[in-house]
Amino acid sequence: MGVLSVLVRALRPATGVAAITAGALALSGCGGSSLSQSGGGDSGDEVKIGLLVPLSGVYAPLGEDMRNGFQLYLDQHGGELGKRKIKIVTADEGAGPQSGVPAAQKLVTQDQVTAVAGVVNSATALGLRDFFDESKRPLLVANAGADDITGARKSAYVWRTSFANGKVGAALGPAVADEVDGGVYLMASDYAAGREMVAGFRKTFEEAGGKVAGEEFTPFGKTQDYQPYLSKIRGSGAKAVYVFYAGAEAVSFVKQYKQFGLAGETPLYGTGFLTEGGVLEAQGDAAEGVKTSLHYSSEIDTPRNKKFVEAYSKAFNESPTVYAVQAYDAAAVLDKALAKAGGTGGEELAKVLGSIGPIDSPRGQWSFGADHDAEQKYYLREVRSGDGGMVNAIVRELS
Ligand code: BEZ
């Protein structure tokens, strides 16, 4: 079954840098424990950085990609950021805030890390915003797109190397309004990320003249059978469908969309998480023709990305994903900030985060905007058959 295929990927034997990485991460303690305990996250020259990613739950494969991306940057820089030796303390975000919030609190209060990077789930990020603001430790969000942790509710201590949910959905709205003649059905996981990715899409889609044929939110992390929803889509007479699903849910949804017979008759659109990385491998042919918006694809044809794809593939025996790039870039941000800051305390680091300048990323150059989000390009991607299986081919830039 699709969900299993995604999880099998997490159990593959590590190769190259990945093998070294696995050892280093095991030493740092996946439960958030650390070998050395010091007051300010800085023991001598060593700086402790917390990595908070899901190691369990529907988003566990995303967490694995983020660990790989962060570790690749470290390995390429001799284990140092800002010329200081780094000790990673890894903690399990789990399925959401119930596990993610206490894990982050332990990283800060017990392990005394200088900063935390990671966080996949929007609900976890929403639960952490005030804690990091009050603790005065930087949180570099390397995936979770919750609109409300940046922008209007931005904190001097919360910065995002990934995206805001509404922006990824909004990037796709005008393109779908342009391509589809008739109503579009909207569907997503029922939590902050799904609601915001639908709202962002709906706004720009309707502004561009698009019509909504129906809207449905499915219980997050619990829905395995999408047939009742697919029947509703067919009954609505929609001419296309737009969705947000990621991880194991994306595998189940896309496979069932094809099994139900909708794939050939009703074009499927979504935010890029729908067909990213191991998810696409598990979906196989069922994903062919799916069109998505995202700020990365391993297919980006630039020397910078090709070099990254080569290094990542050599280290981990698979193509990189957006999750790996966002975490790789979080390490790059910390590298610049630690080099620039007068010390390694959370307040000193937070002060320089707004002035580190552009990040030379595999996705293309980006910088933090005034809202503390990554200012970046979005691409329209289409799943096509490539040399080694399905790929997210770049169709064109969206912004
Ligand atoms: C989120 O919860 O923000 C999220 C999770 C997976 C992929 C993209 C966004």
Side-chain angles (χ1 to χ4, degrees), residues 3 6 52-67 69 93-101 104 117-129 139-151 153 158-172 187-201 217-223 242-254 270-280 283 292-297 321-327 330 363 372-374 376 378 381 392:
V3 176
V6 172
L52 179 68
V53 292
L55 305 172
S56 55
V58 283
Y59 288 158
L62 285 54
E64 187 203 2
D65 292 354
M66 289 167 77
R67 284 169 86 180
E93 180 187 342
Q98 276 101 336
S99 44
V101 170
V119 188
V120 163
N121 188 310
S122 280
T124 310
L126 288 165
L128 288 175
R129 187 239 170 246
L139 170 64
L140 287 175
V141 177
N143 186 68
D147 291 342
D148 269 3
I149 58 159
T150 52
R153 288 203 64 227
V158 181
W159 298 74
R160 185 149 50 192
T161 66
S162 48
F163 56 88
N165 293 325
K167 292 183 191 173
V168 198
L172 190 59
M187 218 168 111
S189 298
D190 192 7
Y191 79 105
R195 297 247 163 209
E196 291 174 353
M197 289 204 207
V198 164
F201 172 85
F217 292 94
T218 55
F220 171 63
K222 294 187 194 111
T223 311
Y242 162 86
V243 300
F244 162 75
Y245 289 109
E249 291 195 310
V251 177
S252 303
F253 180 80
V254 169
T271 44
F273 317 102
L274 185 64
T275 59
E276 190 62 5
V279 157
L280 182 57
Q283 291 162 342
T292 61
S293 55
L294 205 63
H295 45 290
Y296 182 69
S297 163
T321 60
V322 72
Y323 311 108
V325 170
Q326 293 164 167
R363 71 182 97 163
H372 295 191
D373 266 329
Q376 60 197 339
Y378 287 92
R381 318 176 322 161
N392 286 295

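Start at 1 with the first residue, then count along the sequence. Only this structure's heavy atoms are used, side chains among them; waters, hydrogens and symmetry mates stay out. Start at 1 and go down the list; that is how both ligands and their atoms are numbered. Keep in mind that what you see is a predicted model, and the values were worked out from it rather than measured.
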Test your reading of the model: is there a side-chain donor-acceptor pair from [X] to the backbone of [Y], 3.5 Å cut-off?
X	Y	value
Ser122	Ala144	no
Asp190	Phe217	no
Gln326	Phe163	no

Any chance the rings of Tyr59 and Phe273 have centres within less than 6.0 Å?
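Not under 6.0 Å, so no.
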
- prompt: How about Asn392 and Leu294: do any of their side-chain heavy atoms sit closer than 4.5 Å?
  reply: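 No - every pair of side-chain heavy atoms lies 4.5 Å or more apart.
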
(request) Collect the protein residues that have a non-hydrogen atom under 4.0 Å from ligand 1 and hand them over in chain and number order. (result)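 For ligand 1, the contacting residues are Tyr59, Leu62, Val120, Asn121, Ser122, Asn143, Ala144, Gly145, Phe163, Asn165, Tyr191, Ala193, Met197, Phe244, Ala246, Phe273.
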
- Report yes or no: do Ser297 and Arg381 form a side-chain donor-acceptor pair below 3.5 Å?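 The criterion, which ignores hydrogens and geometry beyond distance, is not satisfied for Arg381 and Ser297.
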
